[in-house]
Amino acid sequence: MAKISLTLTEEHIKLIRCLRFEKKTDNIYGIDNYSLWGGTFIYEQMAYILGYGDKVIKGTEEDVDGPKYPADLIEKFNELDSFIVENIVNIEDLLHQRCNMGGILPGVKYVAYDHEGIWYTEDEWKNMRRR
């Protein structure tokens, strides 16, 4: 019984809002890790979602393998993408559970037991455990 946690940034939430949930077969729906936000190039999609569209390296806009961005921005995109892919199941659980409780907020630490998957804010967790 391990305690797990997620703390989402404003950038995580911007990306999560754009997750592409799609029909895979007649009875299976899901999220494709290789096409999280639709479009053709992951960095280009992330740049537009996060407001970095103007950071494209001039002359690469029409490259066959997608527009290029500065190395520090690519590193940031990779970190954000990895976080979301590694935590997608917990993020989906959190979204569904918090949808009638004001949603999810940046900077708030959410916690749960890994075997339960019932998410609380850290403050709710502390108050609940005191009872």
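Computed from a predicted structure; not experimentally measured. All heavy atoms count here, side chains included; hydrogens, waters and symmetry mates do not.
One hydrophobic cluster holds both L19 and L50 under the rule that ILVMFWY side chains link at heavy-atom gaps under 4.5 Å. Under the 4.5 Å side-chain heavy-atom criterion for ILVMFWY residues, a single connected hydrophobic cluster contains both I118 and W125. Grouping the Ile, Leu, Val, Met, Phe, Trp and Tyr side chains by contacts below 4.5 angstrom, directly or via other members, places I74 with I84. One hydrophobic cluster, built from ILVMFWY side chains closer than 4.5 Å, cannot hold both F21 and I28; they sit in different ones.
Pairs of residues two or more places apart, or lying in two chains, that qualify as salt bridge (charged side-chain N to carboxylate O under 4.0 Å, His left out) and include a residue from residues 97-114 are R98-E124, K109-E122. Sorted by first and then second residue, the salt bridge (charged side-chain N to carboxylate O under 4.0 Å, His left out) pairs with a member in residues 37-56 form an empty list; sequence neighbours excluded. Listed by first and then second residue, the salt bridge (charged side-chain N to carboxylate O under 4.0 Å, His left out) pairs involving residues 80-91 amount to none (not counting sequence neighbours).
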Give the C-alpha distance, both sets of side-chain angles, the deciding distance and a yes or no for side chain to side chain contact (heavy atoms under 4.5 Å, CB included) between M46 and L15.
CA-CA 7 Å; M46 292 178 82; L15 290 169; 3.8 Å; yes
Start with the C-alpha gap between I42 and W37, add the side-chain angles, then the distance that decides, and say whether side chain to side chain contact (heavy atoms under 4.5 Å, CB included) holds.
CA-CA 7 Å; I42 188 170; W37 300 284; 3.9 Å; yes
So I104 and I91, side chain to side chain contact (heavy atoms under 4.5 Å, CB included) or not? Walk me through it.
CA-CA 10 Å; I104 56 174; I91 289 169; 5.8 Å; no
Please assess V85 against I88 for the test side chain to side chain contact (heavy atoms under 4.5 Å, CB included), listing each intermediate value before the final yes or no.
CA-CA 5 Å; V85 169; I88 194 68; 5.9 Å; no
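Rounding to the nearest 0.5 angstrom, the gap separating the CG atom in L94 from the CG atom in L6 is 6.5 Å. Between atom OH of residue Y48 and atom NZ of residue K14 there is a gap of 15.5 Å, rounded to the nearest 0.5 Å. Note that CD of E92 and CD1 of I16 are 8.5 Å apart. Values are rounded to the nearest 0.5 Å. Note: S82 OG to N33 CG = 10.5 Å, rounded to the nearest 0.5 Å. To the nearest 0.5 Å, atom CD of residue E116 and atom NZ of residue K3 are 12.5 Å apart.
Legend: residues meeting side-chain contact (heavy atoms from CB on, under 4.5 Å) with D65, ordered by chain and number and at least two apart, are D63, K68. By the side chain to side chain donor-acceptor pair (under 3.5 Å) test, E11 is found to be paired with Y52, K76, residues two or more places apart in sequence or in another chain being considered. Scanning for side chain to side chain donor-acceptor pair (under 3.5 Å) contacts around K24 gives E22, with sequence neighbours left out. In this view, Y69 satisfies the side chain to side chain donor-acceptor pair (under 3.5 Å) rule with no residue, not counting sequence neighbours. Listed by chain and number, the residues in a ring pair (Phe, Tyr, Trp, His ring centres under 6.0 Å) with F83 are H12 (sequence neighbours excluded). Shown here are the side-chain contact (heavy atoms from CB on, under 4.5 Å) partners of L105, two or more places apart in sequence or in another chain: V108, Y110. Under the ring pair (Phe, Tyr, Trp, His ring centres under 6.0 Å) criterion, H96 pairs with no residue, sequence neighbours left out. Contacts of N78 classified as side chain to side chain donor-acceptor pair (under 3.5 Å), with partners at least two apart in sequence or in another chain: Y43. With sequence neighbours excluded, the residues forming a side-chain contact (heavy atoms from CB on, under 4.5 Å) with E75 are E79, listed by chain and number.
Between I4 and V111 the shortest side-chain heavy-atom distance does not fall below 4.5 Å. Side chains of P106 and T9 form no contact here, defined as non-hydrogen atoms less than 4.5 Å apart. Between P67 and I57, the closest side-chain pair of non-hydrogen atoms is not below 4.5 Å.
Nearest heavy atoms, C18 versus I49: CB-CD1, 3.7 Å.
Ring centroids of Y113 and W119 are separated by 6.0 Å or more, keeping the two rings apart.
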